[in-house]
Protein chains: 4
Amino acid sequence: MSTGPAFKRLPRAVRQQQMLDSAVRIFSRRGYHGASMDEIAEVAGISKPMVYAYLGTKEELFVACLHREGTRMVQAIAGAAAPDLPADERLWRGLRAFLGFVGAHRDGWAVLYRQARAEQPFARELTVMRARLVEVVAGMLDHALRAEGREVADTELEVVAYALVGASESLADWLADHPEADPEKTATQMMNVAWLGAGQLLHGLSWRPPVA
Amino acid sequence: MSTGPAFKRLPRAVRQQQMLDSAVRIFSRRGYHGASMDEIAEVAGISKPMVYAYLGTKEELFVACLHREGTRMVQAIAGAAAPDLPADERLWRGLRAFLGFVGAHRDGWAVLYRQARAEQPFARELTVMRARLVEVVAGMLDHALRAEGREVADTELEVVAYALVGASESLADWLADHPEADPEKTATQMMNVAWLGAGQLLHGLSWRPPVA
Amino acid sequence: MSTGPAFKRLPRAVRQQQMLDSAVRIFSRRGYHGASMDEIAEVAGISKPMVYAYLGTKEELFVACLHREGTRMVQAIAGAAAPDLPADERLWRGLRAFLGFVGAHRDGWAVLYRQARAEQPFARELTVMRARLVEVVAGMLDHALRAEGREVADTELEVVAYALVGASESLADWLADHPEADPEKTATQMMNVAWLGAGQLLHGLSWRPPVA
Amino acid sequence: MSTGPAFKRLPRAVRQQQMLDSAVRIFSRRGYHGASMDEIAEVAGISKPMVYAYLGTKEELFVACLHREGTRMVQAIAGAAAPDLPADERLWRGLRAFLGFVGAHRDGWAVLYRQARAEQPFARELTVMRARLVEVVAGMLDHALRAEGREVADTELEVVAYALVGASESLADWLADHPEADPEKTATQMMNVAWLGAGQLLHGLSWRPPVA
DNA sequence: AATGAATGAGCTTTCATTCAT
DNA sequence: TATGAATGAAAGCTCATTCAT
């Protein structure tokens with residue numbers, strides 16, 4: 001007597017992952033509008049009504065993709081920046097994780113993200129996503145400030161964090177368009193701007209990654 | 001024998017601008033795919049075939065919008081940053097001009113840009129556009145560097161410029177979502193990150209805009 | 001539990017035939033350009049997207065019609081002219097079959113054919129079709145020649161066959177415009193010209209169909 | 001003092017011929033539907049409203065082309081076949097004139113004709129045109145018959161003439177598709193079929209053009 | 001659970017044709 | 001006379017989405 005049904009048909013969870021996999025592939029390759037439910041279903045090796053049954057409309061399907069990939073990314077970053085390190089080290093690790101992730105999924109995350117930015121219906125999901133990131137970064141900064149016994153208004157912190165996140169997203173985009181570029185090096189350069197600022201860069205200073 | 005405005009049979013040049021105006025509005029409001037040529041024509045107060053006659057296909061029309069708005073923006077920025085000022089002053093002016101422009105055309109440039117990134121066919125136009133911006137920013141930095149007798153590889157400059165532009169774009173986005181925010185103040189904060197870097201910010205330093 | 005006809009959800013093969021039937025009707029009635037996919041779908045009792053799903057674009061649909069009707073016709077003719085009869089008998093039977101077929105499908109084949117000649121994209125299909133016919137006729141002639149121990153260059157045969165086919169097509173056209181005319185009699189007259197030639201006709205000779 | 005107006009603008013008749021010239025060019029090159037009034041006007045070096053003013057709608061314009069070219073052709077043929085020659089000689093001259101004409105206007109007449117056959121609205125004009133030809137041919141045959149003291153029903157004559165005309169048209173078409181072919185030779189072969197008939201050809205007879 | 005059959009709705013694009021100057 | 005400006009109307013094609021089996 002088995003502990004569960006015999007799955008001649010694959011179990012629901014597995015099927016869903018297959019669908020998401022192919023959806024991510026197609027959305028990335030063709031863009032949100034260029035992708036057709038037909039092709040997605042075909043690539044998933046399944047019939048269209050199944051896709052609707054499991055993951056809802058095209059919009060919902062895209063959100064699901066966004067969600068899954070975004071969660072993976074946030075985890076990758078959060079996992080990299082241990083809270084008990086100095087601020088610059090944490091920032092560096094976070095950045096490296098972020099750009100590393102994007103570099104490794106050049107055709108996945110970055111493109112989905114780009115698509116999402118273009119369409120209003122995904123604003124909500126994006127906002128949530130970005131909020132998590134900003135929160136992480138702002139947390140780092142706040143932590144460091146408190147360690148020095150100083151304090152800053154929340155909105156100011158948010159704007160700074162937002163700028164940092166924005167710059168990183170931009171570089172992520174740039175990475176997606178430059179397959180030959182090295183994420184590690186790009187992260188270093190970003191760190192230079194972010195940590196030292198253009199002013200000091202111009203005066204010859206530069207930041208170097210700690211030796212691992 | 002009134003010399004008053006004739007509402008029909010306008011000369012080509014005038015009609016074209018009307019069309020572009022309407023197209024920018026609609027593309028921004030609905031997105032590239034969401035926009036229909038019907039609506040664009042209607043808002044322009046003209047029939048569809050005229051749009052095709054004067055500005056070509058939807059794709060070409062979008063490129064035309066991108067081109068016009070992009071050119072305006074670049075001019076606004078380049079005009080603001082006089083070449084004979086110190087680097088931080090130039091950067092500041094450029095930033096302020098950029099965020100000011102975006103703030104003033106909240107429904108124009110930023111949205112078009114976002115749309116364009118999502119669709120392959122506009123890659124070319126975008127590359128050109130961005131190249132101009134990056135060139136302006138990189139030019140500022142390069143100028144400052146040479147003044148100090150130092151030199152940096154082009155790609156490095158490009159990445160830094162890219163990060164700065166990206167951070168600004170991000171804040172532009174943030175501005176678009178926070179109508180109550182003050183562009184001037186946002187520019188100042190951005191300048192802080194960009195010029196001083198997070199490191200110094202954390203140590204209590206801060207940059208202040210020069211008194212006009 | 002009726003086994004009566006279901007009017008919806010028919011299997012693909014059936015629908016395709018319905019579509020082709022309707023397409024042939026409409027193309028013949030309105031001409032290739034005059035025909036609209038809308039009307040074809042409507043007459044087939046189905047929605048437009050199905051037509052596209054099963055038979056492709058308008059051009060492909062027309063080719064499919066041409067192909068189906070042409071094949072039917074060639075079969076009718078080839079089946080009529082048994083290879084072991086004398087040449088004139090075979091020619092006669094072929095002719096009769098051809099004009100009979102056209103007479104029976106007055107609104108089908110002849111009109112499609114006429115349409116196809118006018119449009120470049122169908123040249124290929126037409127060439128193939130006509131080649132089959134010419135081949136059949138040339139085959140008859142060649143067979144007869146060899147039986148007499150003589151031989152003629154292929155191109156000459158082709159031209160003669162072409163002329164015969166052309167004359168027949170012309171009469172087919174004439175039939176289409178004279179609904180009261182008798183295909184059988186027309187075939188006899190054609191046979192007179194084709195077999196005896198105008199020269200002998202003028203001298204009082206005439207050819208009579210063999211008593212069946 | 002000039003005997004007429006000074007034509008800074010070309011006189012109407014000349015303009016019309018220019019338009020017809022370019023119309024024939026475009027109709028032949030693109031087909032009736034593929035041709036656009038825009039292109040015709042452009043090629044004629046004139047504005048569209050002028051075309052409408054001078055030659056009416058697209059349909060009327062096409063009929064005008066058909067008419068002019070058809071008339072030229074009929075004249076060429078009628079002029080070639082002098083009535084006081086023996087029947088075969090007249091037939092031969094007519095044929096040669098016809099195929100010669102078509103060969104010389106490969107992109108003109110044959111293509112217009114092909115187009116016209118495909119569209120109902122031109123049936124009338126075509127009927128008239130063909131009637132003139134059939135009349136000419138039937139006249140030749142009738143003349144020859146009467147010379148021998150015999151007589152044939154009109155419809156029979158018409159069918160025979162029709163077959164001959166049809167065969168010739170077919171070969172004209174064939175010529176249009178085979179630019180390398182020699183009209184003279186094609187005419188000879190046609191004459192063989194038409195005059196001697198397939199029966200005698202098969203027995204080794206052949207007709208030769210009279211030495212000029 | 002799974003799918004082939006089916007469609008409503010909409011979009012871009014083109015063209016013959018006519019005003020108004 | 002001559003033309004740039006303007007449009008009504010329609011057609012081909014695609015797609016997300018849902019029945020009926």
Side-chain angles (χ1 to χ4, degrees), chain A residues 5 7-12 15 33-41 45-54 56-62, chain B residues 6 8-16 33-41 44-54 56-61, chain C residues 6-16 33-41 44-54 56-61, chain D residues 5 7-12 15 33-41 45-54 56-61:
Chain A
F7 289 116
K8 285 169 58 180
R9 323 284 190 178
L10 295 176
R12 181 170 182 125
R15 271 279 151 92
H33 279 100
S36 83
M37 294 299 269
D38 273 284
E39 193 181 3
I40 291 174
I46 229 168
S47 74
K48 243 187 316 178
M50 280 281 89
V51 178
Y52 280 88
Y54 277 39
T57 83
K58 190 184 186 184
E59 215 171 291
E60 290 165 337
L61 174 56
F62 188 80
Chain B
K8 300 210 163 187
R9 303 268 153 180
L10 298 182
R12 177 170 184 143
V14 175
R15 280 285 192 235
Q16 270 185 343
H33 279 101
S36 86
M37 295 299 268
D38 271 286
E39 192 180 3
I40 290 175
I46 220 164
S47 75
K48 238 187 319 178
M50 282 269 79
V51 180
Y52 280 89
Y54 283 180
T57 81
K58 190 182 185 183
E59 214 171 293
E60 290 166 336
L61 175 56
Chain C
F7 285 96
K8 300 207 160 186
R9 303 267 154 180
L10 298 182
R12 177 169 185 143
V14 176
R15 279 287 191 237
Q16 271 186 343
H33 279 99
S36 85
M37 294 298 269
D38 272 286
E39 192 181 4
I40 290 175
I46 220 163
S47 75
K48 236 189 320 178
M50 282 268 79
V51 180
Y52 280 89
Y54 284 180
T57 81
K58 191 182 186 185
E59 214 171 293
E60 290 166 335
L61 175 56
Chain D
F7 289 117
K8 283 169 57 178
R9 322 284 192 179
L10 294 176
R12 180 168 182 126
R15 271 279 151 95
H33 279 101
S36 82
M37 294 299 269
D38 273 283
E39 192 181 4
I40 291 174
I46 230 168
S47 74
K48 244 186 317 178
M50 281 280 90
V51 178
Y52 279 88
Y54 277 39
T57 82
K58 190 184 187 184
E59 214 171 292
E60 291 165 337
L61 174 55

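When reading the values below, keep in mind they use all heavy atoms of this one structure, side chains included, and skip hydrogens, waters and symmetry mates. Just so we're on the same page: letters track the sequence lines, and every chain starts at 1.
- Side-chain to base pairing of D/Lys48 with E/dT17: one donor and one acceptor N or O lie within less than 3.5 Å of each other.
- When the side-chain nitrogen and oxygen atoms of C/Arg15 are compared with OP1 and OP2 of E/dA6, one or more of them lie within a distance under 4.0 Å.
- Distance C/Met37 CE to F/dT14 C1': 12 Å, rounded to the nearest Å.
- Nearest to the side-chain atoms of C/Tyr52 among the listed nucleotides E/dA16, E/dT3, F/dC13 stands F/dC13.
- In this structure, the side chain of B/Glu60 engages the main chain of B/Thr57 through a donor-acceptor pair within 3.5 Å.
- For F/dA20, the paired nucleotide is E/dT3, the pair qualifying as Watson-Crick or G-U wobble because both relevant distances are below 3.5 Å.
- At F/dA5, one or more side-chain N or O atoms of B/Tyr54 fall inside 4.0 Å of OP1 or OP2 (strictly under the cut-off).
- C/Leu10 places its CG atom 15 Å from the C1' atom of E/dT7, with the value rounded to the nearest Å.
- Atom CG of D/Leu61 is separated from atom P of E/dC15 by 16 Å (rounded to the nearest Å).
- Atom CD1 in D/Ile40 sits about 12 Å away from atom P in E/dC15, given to the nearest Å.
- In this structure, B/Lys58 places its NZ atom 17 Å from C1' of E/dT14, rounding to the nearest Å.
- Between A/Ile46 atom CD1 and E/dG4 atom C1' there is a gap of 15 Å when expressed in whole angstrom units.
- Each of C/Gly56 and B/Pro49 has a nearest nucleotide on DNA chain F; the 5'-most of these lies closest to B/Pro49.
- Closest non-hydrogen pair, D/Ser47 versus D/Ala41, comes out as C-CB, 4.1 Å.
- Note: B/Met50 CE to B/Gln16 CD = 10.0 Å, rounded to the nearest 0.5 Å.
- Picking from F/dT3, F/dA20, F/dA9 the nucleotide with the shortest atom distance to the side chain of C/Arg9 gives F/dA20.
- Nucleic acid contact for D/Met50: base, since at least one base atom lies under 4.0 Å from a heavy atom of the residue.
- Within the model, atoms CZ of A/Arg15 and OH of A/Tyr54 stand 6.5 Å from one another, a figure rounded to the nearest 0.5 Å.
- Annotation: of the two residues near DNA chain E, B/Gly34 and C/Ala13, the 5′-most nearest-nucleotide partner is C/Ala13.
- Expressed to the nearest 0.5 Å, how far NZ of A/Lys58 lies from CE of A/Met37 amounts to 7.5 Å.
- The nucleotide E/dC11 finds its pairing partner in F/dG12, both defining distances of the Watson-Crick or G-U wobble pair being shorter than 3.5 Å.
- Rounded to an integer number of Å, the gap from A/Glu39 CD to F/dA16 C1' is 15 Å.
- Of the residues near DNA chain E, B/Glu59 and C/Gly45, the one whose nearest nucleotide (by heavy atom distance) lies more toward the 5' end is C/Gly45.
- When rounded to the nearest whole Å, the span between CG of A/Asp38 and P of E/dA6 equals 16 Å.
- Counting any heavy atom pair closer than 4.0 Å across all strands shown, A/Ala35 reaches sugar-phosphate atoms only and no base atom.
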